[in-house]
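Written out below as structure tokens is the structure these notes cover.
Every heavy atom of this structure was used, including side-chain atoms; hydrogens, water molecules and symmetry mates were not. All figures in this text were calculated on a predicted structure; none of them were measured in a lab.
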Amino acid sequence: MKSDLEKLLYNSSLALSGTSFGIGVDVEILEGWKDRLQNQDFLKANFSPQEIEYCQTTHHPQQSLLGRWCAKEAVLKAMSSFKPHEAIVRGFGQDLSEVEIIPSAVKTPLCILHGKLEQRRIERGIQQIKISISHSEQYAIAVAICL
């Protein structure tokens, strides 16, 4: 007789069998980002107006911005691990403004890709990108899964 955990793991593995997926994670320490997250030129270069506006309405704008930064990095990593022999991330220099993380109607993060990254998503056959973001006073972390 299988335990509930064994059933869950078995059913999860069946759901993913035959399904391509990629996963990415990023974690950052807030202390090292405070100056950048107050620099308007940096914000405009890396975040959409909608991202900036949303984060500035939260109780902790810098933590919210850093969480979105982590989500953008996690998305790039997930897209790269979706087809690792065709990695998107090859060091620094990727335009993170092509990854937009906005709140859904129920405030869960949604990922919208633009430009070359949207074209790569389509070419690779990525149907969905799921994101989870968390932050505290010191850290921000995000996970992205491409299906």
Within a strict 4.5 Å, meaning less than it, do heavy atoms of the Glu31 and Gln138 side chains meet?
no
Check whether Glu100 reaches the backbone of Ile112 with its side chain - one donor and one acceptor, N or O, closer than 3.5 Å.
no
Can you confirm whether Glu53 is buried at CD, in the sense that more than 12 heavy atoms of other residues, nucleotides or ligands lie under 6.0 Å from that atom?
no
Angle class for the Phe42/Phe47 ring planes (parallel below 30°, perpendicular above 60°, tilted otherwise)?
perpendicular
What is the distance from atom CD of Glu118 to atom SG of Cys111, rounded to the nearest 0.5 Å?
9.0 Å
Looking only at non-hydrogen atoms, find the nearest pair between Glu51 and Ile101 and report the distance.
OE2-N, 2.7 Å
Quick one: are Leu113 and Met79 in side-chain contact, heavy atoms under 4.5 Å?
yes
Which heavy atom in Cys70 sits nearest to a heavy atom in Ala140, and how many Å separate them?
SG-O, 3.4 Å
Taking side chain as C-beta onward, heavy atoms only, is Arg68 less than 4.5 Å from Ile133?
yes
Go through the steps for Leu43 and Gln40 under the test side-chain contact (heavy atoms from CB on, under 4.5 Å), then give the verdict.
CA-CA 5 Å; Leu43 295 179; Gln40 292 302 309; 3.8 Å; yes
Going from CD1 on Ile131 to CG on Leu110, what distance comes out if it is rounded to the nearest 0.5 angstrom?
7.5 Å
Pairwise side-chain contact, Gln119 with Ile122, heavy-atom cut-off 4.5 Å (strictly under)
no
Of all heavy-atom pairs linking Ser97 and Ala45, the shortest is CB-O, 3.6 Å
Would you call His60 and Glu137 a side-chain contact if the rule is heavy atoms closer than 4.5 Å?
no
For the CD1 atom of Ile145 and the CD atom of Gln128, what is their distance to the nearest 0.5 Å?
10.5 Å
What closest approach, in Å, do Cys146 and Ile129 show between heavy atoms, and which atom pair accounts for it?
SG-CG1, 3.9 Å
Tell me whether Glu98 is salt-bridged to Arg120, with the criterion being a basic N under 4.0 Å from an acidic carboxylate O.
no
Is any side-chain heavy atom of Ile29 less than 4.5 Å from a side-chain heavy atom of Tyr139?
yes
Nearest-0.5 Å distance that lies between atom CD in Gln63 and atom OG in Ser136:
6.5 Å
Could you tell me the separation between the CG atom of Leu65 and the CG atom of Leu37, rounded to the nearest 0.5 Å?
5.5 Å
Flag yes if Leu96 and Tyr54 sit in one hydrophobic cluster, no otherwise; membership is Ile, Leu, Val, Met, Phe, Trp, Tyr, and two members link when side-chain heavy atoms are under 4.5 Å apart.
no
So CZ of Arg121 and CD1 of Ile126: to nearest 0.5 Å the spacing works out to 7.5 Å
On a heavy-atom basis, which atom in Lys44 and which in Ile52 lie closest, and how many Å separate them?
N-CD1, 4.2 Å
Pairwise side-chain contact, Val25 with Ile23, heavy-atom cut-off 4.5 Å (strictly under):
no
Which atom names give the shortest non-hydrogen contact between Ala144 and Ala78, and what distance separates them?
O-CB, 3.5 Å
For the residue pair Trp69 and Asn46, establish whether any side-chain heavy-atom pair is separated by less than 4.5 Å.
yes
